[in-house]
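Labels below follow one simple rule: chain letters A, B, ... track the order of the sequence lines, proteins then strands, and each chain is numbered from 1. This one's a predicted model, so the numbers in the text were calculated from it and none came from an experiment.
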Protein chains: 2
Amino acid sequence: MSLPHAILTALIEKPSSGLELTRRIDKSIRYFWPATHQQVYRELGRLEEAGLIRALPSSGPRKEYEVLPAGREELVAWVARPEDPKPLRSSLLLRLRAAAVVGSDGLAAELERHRALHQAQLEEYLDIERRDFTPRSEAEKDRLQHLVLQGGISLESHWVSWLDAALAELARPAPHDQPR
Amino acid sequence: MSLPHAILTALIEKPSSGLELTRRIDKSIRYFWPATHQQVYRELGRLEEAGLIRALPSSGPRKEYEVLPAGREELVAWVARPEDPKPLRSSLLLRLRAAAVVGSDGLAAELERHRALHQAQLEEYLDIERRDFTPRSEAEKDRLQHLVLQGGISLESHWVSWLDAALAELARPAPHDQPR
DNA sequence: GGATACATGTAAAGCGTTACATGATTGC
DNA sequence: GCAATCATGTAACGCTTTACATGTATCC
């Protein structure tokens with residue numbers, strides 16, 4: 001149940017219409033919880049029905065939503081609520097496991113491709129860090145957001161390093177098969 | 001489309017019935033692609049209908065499946081097939097983001113809890129590594145499986161380190177608010 | 001023979017994804 | 001006025017998860 005809370009967070013920062021909200025999510029929150037406009041609209045409907053947000057009186061087709069006190073309370077409660085991490089699902093690790101059984105033909109190219117993707121994401125995070133965060137003396141709010149960013153940086157660094165090791169290992173001749 | 005390929009991989013290693021397959025997945029593959037018995041049965045039905053596996057003639061209620069040549073070919077092709085990584089979804093990072101907006105009450109306890117979970121997973125991986133892998137001179141098959149395990153180890157290490165940093169940061173007094 | 005575990009499913013709900021539909025606004 | 005874009009949705013599908021259902025073997 002994370003998407004509704006992502007929306008509450010964004011709406012508290014600034015009341016928005018569905019599409020505007022989608023765009024704002026796509027500019028920051030999507031890095032650790034992506035959402036399409038269809039999901040956003042569906043959740044906005046549910047949150048309104050649950051009495052956590054309300055639509056502001058509007059002119060035209062745009063519907064602006066703001067968070068009600070009950071919505072803020074729910075978000076405060078959710079921050080402390082125990083919730084286990086989602087189990088890992090990596091099709092890349094699965095494919096290495098499959099390659100151990102049927103051979104690793106063509107796998108290296110795919111590992112290279114993933115390495116490039118993670119490297120690009122890492123650089124995007126580092127750009128954001130250089131642009132938005134100073135090295136020290138940050139306000140509580142900034143410090144928490146900086147922590148989130150550092151989590152992403154550390155995660156992408158892990159993948160790049162591991163892919164480097166995997167590629168080196170794939171390139172290494174097999175000690176038993178090769179030297180005969 | 002990863003689950004069917006996880007099942008093909010496990011079935012090539014050893015033909016199995018639905019429940020046995022579920023148990024075997026739960027002993028290794030689940031670390032990077034968990035699956036319940038309901039999912040397994042459904043996929044077995046689909047794979048059989050697609051002509052990738054077949055049920056062995058059996059006695060009793062147990063249905064044993066084995067992989068057909070078409071199934072092996074599909075798995076070989078899948079190993080090299082481009083497939084982007086699933087976008088990250090971390091409710092913990094999301095909650096840090098929410099805490100930046102509504103305050104971090106109760107967040108530290110939850111971070112501690114997650115740290116313990118990741119630490120336990122890390123130790124489980126390290127136990128497996130000590131038990132199943134020698135330091136060098138491994139066959140191609142073992143080297144790939146070792147790489148998978150090292151991926152898990154490095155991932156859990158990342159989370160433990162990051163959670164340590166996050167907890168230290170949360171405990172640190174705010175530079176602007178506090179010292180007045 | 002009765003309880004327990006084994007084994008194979010069905011049903012339903014939630015979330016995420018892709019494709020499609022519809023009306024209003026804006027730019028030219 | 002017409003096209004493109006903005007804005008708000010609906011529909012359908014697949015995967016995951018939880019709960020429930022049903023029959024079979026085994027143990028004591």
Side-chain angles (χ1 to χ4, degrees), chain A residues 1-8 10-11 14-27 29-50 53-65 78 83-91 94, chain B residues 1-8 10-11 14-27 29-50 53-65 78 83-91 94:
Chain A
M1 293 293 293
S2 292
L3 180 54
H5 299 98
I7 290 178
L8 286 175
L11 277 187
K14 180 174 178 301
S16 304
S17 69
L19 199 57
E20 188 184 352
L21 191 54
T22 304
R23 291 210 180 99
R24 288 178 46 222
I25 287 176
D26 207 55
K27 260 174 200 135
I29 290 179
R30 73 106 192 253
Y31 292 115
F32 43 94
W33 206 279
T36 63
H37 78 272
Q38 291 90 336
Q39 286 173 279
V40 169
Y41 282 120
R42 183 164 46 181
E43 282 309 327
L44 283 173
R46 289 177 189 173
L47 286 168
E48 185 175 24
E49 189 167 12
I53 64 175
R54 73 180 184 106
L56 296 172
S58 71
S59 54
R62 276 173 56 102
K63 270 203 279 187
E64 284 233 321
Y65 290 92
W78 179 73
E83 195 166 301
D84 284 354
K86 289 166 55 89
L88 171 63
R89 278 207 167 77
S90 164
S91 73
L94 197 54
Chain B
M1 292 293 293
S2 292
L3 180 53
H5 299 97
I7 289 177
L8 287 174
L11 276 188
K14 180 173 178 303
S16 305
S17 70
L19 200 56
E20 189 185 351
L21 191 54
T22 304
R23 292 210 179 100
R24 288 179 46 221
I25 287 176
D26 208 53
K27 260 176 201 132
I29 291 179
R30 73 104 193 255
Y31 292 116
F32 43 94
W33 204 281
T36 63
H37 78 271
Q38 291 90 337
Q39 284 173 279
V40 169
Y41 283 119
R42 179 165 50 181
E43 282 310 326
L44 283 174
R46 287 178 189 172
L47 287 168
E48 185 175 24
E49 189 167 14
I53 64 175
R54 74 180 182 105
L56 296 172
S58 71
S59 55
R62 275 173 57 103
K63 271 202 280 186
E64 284 235 319
Y65 290 93
W78 179 72
E83 196 166 300
D84 283 354
K86 290 166 56 88
L88 171 64
R89 280 208 165 79
S90 165
S91 73
L94 197 54

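- Straight-line distance from the CD atom of B:E64 to the C1' atom of C:dC6: 15 Å, rounded to whole Å.
- Between the side chain of B:Q39 and the main chain of B:T36, a donor-acceptor pair closer than 3.5 Å is present.
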| How does protein contact run along nucleotides 9-15 of chain D, one letter per nucleotide 5' to 3', with B for base contact, S for sugar-phosphate only, - for none, heavy atoms under 4.0 Å? | BB----S
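- Closest heavy-atom contact between A:E64 and A:E20: OE2-OE1, 3.6 Å.
- In terms of modelled atom types and a separation under 3.5 Å, the side chain of B:R30 and the main chain of B:A35 share no donor-acceptor contact.
- For D:dA7, one of the phosphate oxygens OP1 or OP2 lies less than 4.0 angstrom from a side-chain nitrogen or oxygen of A:R23.
- Taking the screw axis at each terminus of the helix from C:dG1-D:dC28 to C:dC28-D:dG1 from five consecutive base pairs, the angle between the two is 0° to within rounding of 10 degrees.
- Spacing between atom NZ of B:K86 and atom C1' of C:dG16 amounts to 9 Å, rounded to whole angstrom units.
- By the neighbour-count criterion of 12 heavy atoms within 6.0 Å, atom NZ of A:K27 is sparsely surrounded, having that number or fewer from other residues, nucleotides or ligands.
- Following rounding to the nearest Å, B:L21 (CG) and C:dC6 (P) show an atom-to-atom distance of 17 Å.
- Counting to the nearest Å, the P atom of C:dC6 and the CZ atom of B:R24 are 18 Å from each other.
- Spacing between atom CD of A:E83 and atom C1' of C:dG14 amounts to 14 Å, rounded to whole angstrom units.
- Listed for the A:R62 side chain is no donor-acceptor partner under 3.5 Å among the backbone atoms of A:S17.
- The nucleotide whose nearest atom lies closest to any side-chain atom of A:P87 is, among C:dC6, D:dT8, D:dT17, D:dT17.
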| message | Set out, in order, the CA-CA distance, both residues' side-chain angles and the distance that settles side-chain hydrogen bond (donor to acceptor under 3.5 Å, both in side chains) for A:R89 and B:S2, then state yes or no. | response | CA-CA 9 Å; A:R89 278 207 167 77; B:S2 292; over 6 Å; no
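- The CG atom of A:L44 sits 11 Å away from the C1' atom of D:dT8 (whole-angstrom rounding).
- Side-chain atoms of B:R24 come within 3.5 Å of backbone atoms of B:K14 as a donor-acceptor pair (strictly under, hydrogens ignored).
- Spacing between atom CG of B:D84 and atom P of C:dT18 amounts to 11 Å, rounded to whole angstrom units.
- Between A:T36 and C:dG16 there is no side-chain N or O to OP1 or OP2 distance below 4.0 Å.
- Protein atom CD of A:E20 is 16 Å distant from nucleotide atom C1' of D:dT5, rounded to whole Å.
- Between B:E49 and B:R46 there is no salt bridge, since no side-chain N of the basic residue sits under 4.0 Å from a carboxylate O of the acidic one.
- The minimum heavy-atom distance between B:L19 and B:Y41, with the atom names listed, is N-OH, 3.5 Å.
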